[in-house]
Amino acid sequence: MIATPPACSSLLPDEWLKGVPSADVEHDGATVGDWIKFGDAQTGQLDKANDHYVSGVGIVQRCEARDAAAVKKARPKFLGIF
């Protein structure tokens with residue numbers, strides 16, 4: 001029997017499907033300082049979202065490479081040499 005590894009997408013954290021929430025504006029944006037804090041916090045959230053994407057692509061690429069190597073290794077060789 002041949003065991004099939006799970007799909008590469010199963011390696012991604014489930015919570016990433018929820019996305020990264022936007023930052024909150026404090027005090028309804030009553031002061032310039034509130035907006036500065038929001039802009040800084042929003043940039044942090046964008047950094048998280050970008051990291052999820054880059055990490056996800058890397059995980060899937062490594063998974064696909066692993067699977068391709070396993071298939072190549074498992075193929076029978078013709079006359080033991082090809």
Side-chain angles (χ1 to χ4, degrees):
M1 181 190 301
I2 298 174
T4 303
C8 296
S9 62
S10 69
L11 300 174
L12 301 172
D14 291 335
E15 63 267 12
W16 286 6
L17 289 173
K18 298 175 188 172
V20 178
S22 179
D24 293 325
V25 177
E26 293 183 23
H27 310 290
D28 296 325
T31 68
V32 171
D34 292 340
W35 287 103
I36 291 171
K37 287 173 67 176
F38 167 76
D40 187 44
Q42 188 70 358
T43 299
Q45 294 303 91
L46 178 60
D47 289 343
K48 287 180 194 176
N50 287 337
D51 180 64
H52 286 183
Y53 177 77
V54 171
S55 297
V57 168
I59 289 167
V60 171
Q61 286 174 334
R62 288 188 300 278
C63 178
E64 290 171 345
R66 176 203 65 190
D67 292 353
V71 167
K72 185 176 180 180
K73 184 177 179 182
R75 287 190 181 139
K77 294 186 167 106
F78 179 70
L79 299 178
I81 55 175
F82 298 102

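Just so it is clear, the structure is predicted and the values come from calculations on it, not from any experiment. One-based numbering along the sequence shown.
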Going by atom type alone, with no hydrogens or angles, which donor-acceptor pairs under 3.5 Å involve a side-chain atom of residues 17-29 and a protein atom two or more places apart or on another chain?
| unit_1 | atom_1 | unit_2 | atom_2 | d |
| --- | --- | --- | --- | --- |
| Ser22 | OG | Gln42 | OE1 | 3.1 |
| Ser22 | OG | Gln42 | NE2 | 3.4 |
| Glu26 | OE1 | Lys37 | NZ | 3.1 |

Trp16: what forms a side chain to side chain donor-acceptor pair (under 3.5 Å) with it, not counting sequence neighbours?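 Only His52 meet the side chain to side chain donor-acceptor pair (under 3.5 Å) criterion with Trp16.
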Let me check something: any side-chain donor-acceptor pairs from residues 56-65 under 3.5 Å, sequence neighbours excluded? List them with distances.
| unit_1 | atom_1 | unit_2 | atom_2 | d |
| --- | --- | --- | --- | --- |
| Arg62 | NH1 | Gly58 | O | 3.2 |

Kindly compute the distance separating OG1 (Thr43) from NZ (Lys48), expressed to the nearest 0.5 Å.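 Reported value, rounded in 0.5 Å steps: 12.0 Å.
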